[in-house]
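Step one of this worksheet: look at the structure below.
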Amino acid sequence: MENPAPALPNRIDAMFVRLRAEGRKAFVTYTVAADPTFDASLAMLHEFVSAGIDLIELGYPFSDPILDGATIQKANRRALAAGGNLQRTLDLCKAFRRHDSTTPVVLMGYANPLAVMGYERFAERAADAGVDGIIAGDFPIREASPLLAALDRHGLVMIPMAAPSLSPADYAVDKPGIGGFLYCIPVVGPTGGPSASTDAIVQAVERCRQHSRLPVMVGFGVKTPDMAAGVASVADGVIVATALIDQFDRLRASELRGTAFDDAVRANVQAFRQAIDRPWRGA
Amino acid sequence: MENPAPALPNRIDAMFVRLRAEGRKAFVTYTVAADPTFDASLAMLHEFVSAGIDLIELGYPFSDPILDGATIQKANRRALAAGGNLQRTLDLCKAFRRHDSTTPVVLMGYANPLAVMGYERFAERAADAGVDGIIAGDFPIREASPLLAALDRHGLVMIPMAAPSLSPADYAVDKPGIGGFLYCIPVVGPTGGPSASTDAIVQAVERCRQHSRLPVMVGFGVKTPDMAAGVASVADGVIVATALIDQFDRLRASELRGTAFDDAVRANVQAFRQAIDRPWRGA
Amino acid sequence: MPTAASLAISAGRFGTFGGQFVAPVLLPVLDRLDEAFAAAWADPAFHFDLETLMHRFVGRPTPIFETRSFRPEKAARIVLKRDDLTFNGGNYANSAVGQCLLARRMGLGAVVTDTGSGENGVATAAVAAHLGLRCTIYMGRKDADQQSPMVRKIRLFGADLGIVEEADRALSAATSAAIRHWMGNSATTAYVAGAPIGAHPFPTIVATLQAVIGRETRLQLIDAGMHPTALLSAVGGGSSTLGLFSGFVDDPGIQLIAVEAGGSGEPGAPHAARLRFGRRGIFHGAETLVLADDQGQLLPTASIAPGLSYPGSPPQLANMVTSGRVTTMTINDHEALSAVRRLAAGEGVLVCLEAGHALAAAEKVGRQLSPDSVVVVMVSASGDKDIDRLWQEE
Amino acid sequence: MPTAASLAISAGRFGTFGGQFVAPVLLPVLDRLDEAFAAAWADPAFHFDLETLMHRFVGRPTPIFETRSFRPEKAARIVLKRDDLTFNGGNYANSAVGQCLLARRMGLGAVVTDTGSGENGVATAAVAAHLGLRCTIYMGRKDADQQSPMVRKIRLFGADLGIVEEADRALSAATSAAIRHWMGNSATTAYVAGAPIGAHPFPTIVATLQAVIGRETRLQLIDAGMHPTALLSAVGGGSSTLGLFSGFVDDPGIQLIAVEAGGSGEPGAPHAARLRFGRRGIFHGAETLVLADDQGQLLPTASIAPGLSYPGSPPQLANMVTSGRVTTMTINDHEALSAVRRLAAGEGVLVCLEAGHALAAAEKVGRQLSPDSVVVVMVSASGDKDIDRLWQEE
Ligand SMILES: Cc1ncc(COP(=O)(O)O)c(C=O)c1O
Ligand SMILES: Cc1ncc(COP(=O)(O)O)c(C=O)c1O
């Protein structure tokens, strides 16, 4: 079984080491595995990397993505229709690892597929597929002990989520199986909703840094390159999901095909990348 | 005002005197005034007399003929549509009296038009129109004191109704304003319903004779000339309504018009007349 | 407990109203019923059965309920008597239960009745099913088409439903059909009166059975420390109205207001305000106030509330109005609709359009009173049956 | 009165089921709710408000009712617990009242919830209107189209109704939509759980509020001198089931039977029997038994009774089933329909199709028992909402 050994014990930590050395912030995006097909999804992952994305959140499709807004719900439905599920998502990561052994991949999704596969089996298969971590939207740390133990046994981490209203006990937890970065959500509500103000983001990030030593990435509601630039000026990384998926949806609905399509995808991603890398001059 | 004086103080009593002298039984029919029009109705009354009918029950149309079956309900609706009502029924009788001063006419209908016109006014107008009596389906004697007093003041009578289940106190009442004959109903239920058996009719008539000295006429459910003959063999008279109205309805729906129609009407009436006059040989 | 007949001046008469204007064949049937009811009412066993079913099957006692937000500013407090919180036909169940029990006691195996809004039909069908009596219900085609859930419910309760295609194809035609059916089957079948309408002893029987509403309300108001200035009830057949008023008729200080349906309210349009605009006549077995023309033909009635659209009135109520004990008000379709909608949105209580008439009248009356006075509104049934009229989806 | 949490092994867990599988942003909201409910439950003033509304607004206590003709020959007696005799949403009102009172107490001005059969929506909308809370209800398009009177009633009570066009366009999608709405508005808005489902403390709050059913039933059975052999309840969200069972769970001699929807009953066709055929999973906030494929995708469910068609189960009930205290039975559409129809025609009592499942199961169970034994059937709501399914006009 070809299983490219990770370059470092943990690709996420390695990424932050590299970015810090370069004086840059991480740019993360989210895509649903097998949206719209397995092959297109695989091509898209590589496209992301070549366009400058540092870390990929790979959504495993779920029938009831309760925390997501309309855009990501639709993406889930497309992926399910294409046969996507947790196992196929692991397969996709494994296929991706054939040509990319360094870009960290974090699975993102819901608890039920994990529970049904079994935490131990999941952790084992995920490690084997070259997955680095997991974010489960409905799996708070206070419920996660069995999952964390399994992840830890296989060298994976769960990414904790922080929100301004949360008590630190619910995200700033030092425990085997927790690591990677802190996912800072400065707004309440499902994905695809309104954005937080710059002030709110600054305060949310500061609060995260107070309570945790993990790098802090900000997600939920980052809609424009300008906003991404603002976030990058205070956080260790920026996560953009809905905004890009909406753009890709529009591209898919247009006439563009083949390299013209790929070029357009790349241009969209690079707009964010360049904004994030640009020195921040304030909002 | 031309108001043909009655030949005798009471045309009904006179009729029974005459019939008894001839050794015949009375033949009575019922028609709704102004069904289908005022003029057709007037012509029909004279037709009845010339075909051998002895006494006419003239229905005054009412919007809610609660005690009647489908045939007579329909006749009421036709008459209402032609502008029929209690006043027009009195007008019809008055018109009839211009050419017939002997055939007794008994109004038949419901209490509400009488109550609304007022009993005194009604009795006065009815007497003026040449009416001889009144049968109101929903006006039992126990409720009738004010009406009886008014009828009596104007020389009219109310015809009491007898049924096998009734206590004699409800029909065999000797009181001013009551008279004419006893209307013997051998069945329960609304008009146009099933017929009583010969036995039941015999018993019903006998019971009437036990309790009252009025002549006894049998109505409700007499459907065929044969049945009429049977009734005539025990009672003083036979009343046929639904059966003849149904036949006239059918004639009206046919091609027959003019004298052909009149001839057919006459033939239908005469079939009953002849059966009633025929010596009875048993059922 | 005396029957309501003790309020009548002579047996079967309320003042000059009432009586037995029926086909003579029905007289012995009415006489037997009169005796049987008097005997049953004197029998504790009958009361035991009645009260058990009133509790278990009908859901009595029903609460009184003071509105919070639904009350014009600086106007009187509004208290609802919640017979919408009964089952299977609103307050109609009160009298259906008693009459079906009486039919069983008389050895009859079947009942027949008529229904306009469907409630008396549902009530009677349910009780008949429960007591194992065969049941026939007549309903006008127009009413049936408008109340299809009621039609289905009646059928689910195993009753024969006769749809009447005649005359106004509404309650009045259904009543005529039911009475015809009864006339043909009175040896085996009891007629269940939905209202204190018709020939004696029906007005007395129904009013006596419905008097439970007034008894409960009186005690509940005393319990709540409330002395009502006025009681209002919409008059359809009059069963809830007489039921409520009977508890207060001997308190001359308390106003009793019978609210009638004004229909669309346009000049000359049909309505159902026969206590106010009717004339003395004879209808469906009793001398009473009716809507009729000067030839005695019944006039067409109209109201958005099917239960109010009837040309006759209870003789007892006709007498109370004529004698001045009860006053009348007229409320039109629009006012009633608005009151029902505002009560639902403001209080979470959905009452029927019939009760909406009384509610709208109570607002008017309440505005003339001080804020510490209390007016009571009879809610005869829930608005579930009226939902299609109350809310049209765009 | 202890809360149902005292039955849980650790806070929020029933055995290994339960927990708080939600977006982390909701954790502080749940924690506040947990504390507020505990404080309210310890406060006599809260109980006073709750009990007043339970009586005046919901119509409690509801009677028990023994069937007469509806009972297989030589089989056990069948006693119904009549929560159909409550108002505005059947037994859903029990928990809607408590949760809306709690929201008001917590200073929240709005509530949001989801509804499948429409009953939880009607219950919540009515109580919210009554307490002056803004109200948003989510309902799947498919459910809304099938329950149009419920839709209208919700709107009449002034609630905002969000029709959900996504996913199964039924209850599950409506729940997701309501939770999303709540996530975005948790500072001002309380989520009202229709069932003892979801993240802690909802299962505890709802089961505690519904326990009134079991308390009443227990006392009523003792009062009637009846010792039940078995209690049966159909499991939708599980609120009436846990409500009833909670009164008897500590009597090891009494069988508790959870009845699930078998759907059409054809092999391979969708059903909703997740307690019997489900697997351990995490759904809508709790670890419980769910109908899911081996990749964790939820399976489509089906039942003629909309309230039973849900892929998750209450964690407390999952624990009772897994531990053997509660057994399960499966009843298909046809059996339930037939039971409801026969009960209506034979007893004059129209129950909902959900209860029809428990009724049909009770007949089966009763046939195995002696004629003097008693089985109790939970009737969660009336069949009014199901009339179109129960009776098709030709
Ligand atoms: C499931 C999901 N939704 C949303 C987001 C980010 O929020 P938004 O969609 O508002 O960019 C992420 C990012 O990780 C995600 O994984
Ligand atoms: C109104 C009415 N109906 C019916 C009848 C007679 O009964 P049938 O129609 O059954 O012949 C009469 C006879 O007088 C009548 O006047």
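A, B, ... follow the sequence lines: proteins, then strands. Residue 1 opens every chain. Because the structure is a prediction, the values reported are computed rather than measured. As a basis for the values below, the full set of heavy atoms in this structure was taken, side chains included, without hydrogen atoms, waters or symmetry mates.
Using a 4.5 Å cut-off between heavy atoms, D:A23 touches chain A through backbone and side chain atoms alike. Neither the backbone nor the side chain of D:V29 comes within contact range of chain A; no heavy atoms are under 4.5 Å apart. Only the backbone of D:D293 has a heavy atom closer than 4.5 Å to any heavy atom of chain A. Only the side chain of D:R279 comes within contact range of chain A, with heavy atoms under 4.5 Å apart. Contacts between D:S186 and chain A at a heavy-atom distance below 4.5 Å are absent for every atom of the residue. Residue D:L298 touches chain A through both its backbone and its side chain, counting heavy-atom pairs closer than 4.5 Å. Only the side chain of A:L80 comes within less than 4.5 Å of a heavy atom in chain D; its backbone stays farther off.
The minimum heavy-atom distance linking A:A115 with D:G281 is given by the pair CB-CA, 4.2 Å. The minimum heavy-atom distance between A:V116 and D:R280, with the atom names listed, is CG2-O, 3.8 Å. Of all the heavy atoms in D:Q20 and A:P140, the pair that sits closest is O-CG, 3.0 Å. Heavy-atom minimum distance, A:L166 versus D:P28: CD2-CD, 3.3 Å. Listed here is the closest heavy atom pair of D:G296 and A:F62: O-CE1, 3.1 Å.
In this model, no donor atom of one side chain and acceptor atom of the other lie less than 3.5 Å apart for D:H284 and A:D138.
The shortest side-chain heavy-atom distance between D:L27 and A:R142 falls under the 4.5 Å cut-off. Side-chain contact between A:Y110 and D:I282: absent, with no pair of heavy atoms (C-beta onward) separated by less than 4.5 Å. Counting heavy atoms from C-beta on, the side chains of D:P24 and A:D170 never come closer than 4.5 Å. Contact of the A:N112 side chain with the D:V290 side chain is registered, since non-hydrogen atoms from C-beta on lie closer than 4.5 Å. Proximity of A:Q73 to D:R180: side-chain heavy atoms (C-beta onward) are separated by under 4.5 Å at one or more points. In this structure the side chain of D:E166 reaches within 4.5 angstrom of the side chain of A:R77, judged on heavy atoms.
Atoms OG and CG, on D:S176 and A:D68 in that order, are 10.5 Å from each other to the nearest 0.5 Å. The line from OG1 of D:T175 to CG of A:D64 is 8.5 Å long, rounded to the nearest 0.5 Å. Distance check: D:D31 CG to A:S167 OG gives 8.0 Å after rounding to the nearest 0.5 Å. Atom OG of A:S165 and atom CZ of D:R32 lie 7.5 Å apart (nearest 0.5 Å).
Between the side chain of A:E143 and the main chain of D:A286, no donor-acceptor pair closer than 3.5 Å is present.
Note: A:G137 leads A:A163, A:G137, A:A162 in heavy-atom pairs under 4.5 Å with chain D.
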